[in-house]
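Below: one structure, written as structure tokens.
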Amino acid sequence: MAEIVISCKQLTHYYGKRKIYENLSFDVQKGSITGLLGKNGTGKTTTINILMGYLKPLSGSAQIFGEDVQSISPATRERIALLLEGHVQFQYMTIEQIERYYSEFYPKWNKEVYYDLMTKLKVAPKQKIARMSNGQRSQVALGLILAQNADLLVLDDFSLGLDPGYRRLFCEYLRDYAKSEGKTVFLTSHIIQDLEKIVDDCIILDYGNILVQKSVKDLMAEYPGLSLEDIFIELTGKY
């Protein structure tokens, strides 16, 4: 039986009287790429915040690597790389400077992955982050996440700011990297284009509940001739 890296059981959360979701349950298996997909406001970032222990659900529980997320150990937290909507701090630094800075905090740091991605995305090493577009800054954030060499990558709206060409390139790079290195990836997105080539399993959220929870292969077999984006629109309604 495959090892379970993330396990959520009967999560329920409200903001005031507004229900985000009730009884949300799912597992993420080791080595898989799982996508939590839904329109804005369906609870994707809320779920990330619960998993990271930043937010306590009204009820239910969640575990990562077998530990309750509300009391996760420092050793286990080191195994997790988190991207929250592509933000990069220290914007006065260059591409090279921020890589050296971050490397001091992560014992398993892999700068080759960082520079390989920067080369593919055509980001110049001497370029200052402050002079970059939002899309370029997102690319740097993604590189810094991969270089942490964590066992679990948690990517919240990872494609935010990336144009379609770079988004497609990064999706391909992420899948190759995760599969070759045995990484587990849990990502959220409301942009569904290109995800059918990267995601193994998907959870599609509506406002307040799960619409679909299954492998992408099985889901697409149920809707022959449709892309994952077409299926998403079919299930959730047009944007």
Side-chain angles (χ1 to χ4, degrees), residues 5 28 30-37 44-45 48 52 77-200 216 228:
V5 173
V28 175
K30 181 179 179 180
S32 70
I33 301 176
T34 299
L36 183 65
L37 313 178
K44 301 186 301 298
T45 299
I48 298 292
M52 294 298 102
R77 196 167 290 280
E78 284 183 2
R79 300 176 64 189
I80 305 167
L82 171 66
L83 176 77
L84 281 175
E85 297 185 346
H87 293 296
V88 181
Q89 297 179 341
F90 312 111
Q91 296 188 9
Y92 57 87
M93 293 184 179
T94 66
I95 295 298
E96 289 179 329
Q97 289 169 339
I98 201 166
E99 183 275 320
R100 288 198 299 270
Y101 176 80
Y102 269 73
S103 70
E104 296 297 320
F105 297 95
Y106 300 98
K108 296 166 61 181
W109 188 259
N110 184 349
K111 72 176 183 179
E112 286 76 18
V113 173
Y114 174 81
Y115 284 112
D116 186 38
L117 182 60
M118 293 302 100
T119 299
K120 288 187 182 331
L121 295 173
K122 296 182 172 58
V123 178
K126 302 293 185 183
Q127 194 169 355
K128 279 197 173 182
I129 295 168
R131 296 175 182 170
M132 294 180 169
S133 67
N134 287 335
Q136 289 175 315
R137 292 174 190 175
S138 294
Q139 295 163 24
V140 175
L142 292 166
L144 293 171
I145 288 295
L146 295 185
Q148 291 175 32
N149 202 16
D151 297 319
L152 170 64
L153 283 69
V154 179
L155 311 178
D156 187 28
D157 242 344
F158 73 97
S159 60
L160 195 67
L162 296 180
D163 65 33
Y166 282 126
R167 187 173 63 242
R168 198 157 42 245
L169 188 154
F170 178 74
C171 282
E172 293 171 358
Y173 188 90
L174 176 62
R175 182 166 187 86
D176 291 345
Y177 168 78
K179 294 305 179 182
S180 64
E181 299 293 329
K183 307 299 186 183
T184 305
V185 181
F186 181 70
L187 60 85
T188 75
S189 185
H190 67 280
I191 300 174
I192 313 302
Q193 291 174 323
D194 310 315
L195 287 186
E196 68 187 61
K197 297 177 181 178
I198 177 176
V199 174
D200 300 310
V216 170
L228 183 60

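The basis for the numbers below is simple: all heavy atoms, side chains too, and nothing from hydrogens, waters or symmetry mates.
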(request) Applying side chain to side chain donor-acceptor pair (under 3.5 Å), run through Trp109 and Glu104 and close with a yes or a no. (result) CA-CA 8 Å; Trp109 188 259; Glu104 296 297 320; over 6 Å; no
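- Of all heavy-atom pairs between Ile95 and Met132, the closest is CD1-CE, 3.0 Å.
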(message) Quick one, Tyr173 with Leu142, criterion side chain to side chain contact (heavy atoms under 4.5 Å, CB included). Give me CA distance, side-chain angles, the key distance, then yes/no.
(response) CA-CA 11 Å; Tyr173 188 90; Leu142 292 166; over 6 Å; no
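- Residue-environment remark: NZ (Lys108) exceeds the threshold of 12 foreign heavy atoms within 6.0 Å.
- The main-chain N or O of Leu121 is found under 3.5 Å from a side-chain atom of Tyr166 such that the two form a donor-acceptor pair.
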(message) If you apply the rule side chain to side chain contact (heavy atoms under 4.5 Å, CB included), what do you find for Lys179 with Ile33, and how did you get there?
(response) CA-CA 9 Å; Lys179 294 305 179 182; Ile33 301 176; 4.3 Å; yes
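- Proximity of a side-chain donor or acceptor of Ser32 to a complementary backbone N or O of Val28 within less than 3.5 Å is not detected.
- Ring geometry for Tyr102 against Phe90 counts as perpendicular: the plane angle is over 60°, on a 0 to 90° scale with 30° as the lower cut.
- Side chain of Gln148 to backbone of Ala81: no donor-acceptor contact under 3.5 angstrom is found.
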(request) Kindly determine whether Gln97 and Ile129 satisfy side chain to side chain contact (heavy atoms under 4.5 Å, CB included), including the steps that lead there. (result) CA-CA 10 Å; Gln97 289 169 339; Ile129 295 168; over 6 Å; no
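- In this structure, the side chains of Ile192 and Leu37 come closer than 4.5 Å at one or more pairs of heavy atoms.
- In the model, Asp156 has a side-chain atom that pairs as donor or acceptor with a side-chain atom of Thr188 under 3.5 Å.
- Checking side-chain atoms of Thr184 against main-chain N and O of Gly31 turns up a donor-acceptor pair under 3.5 Å.
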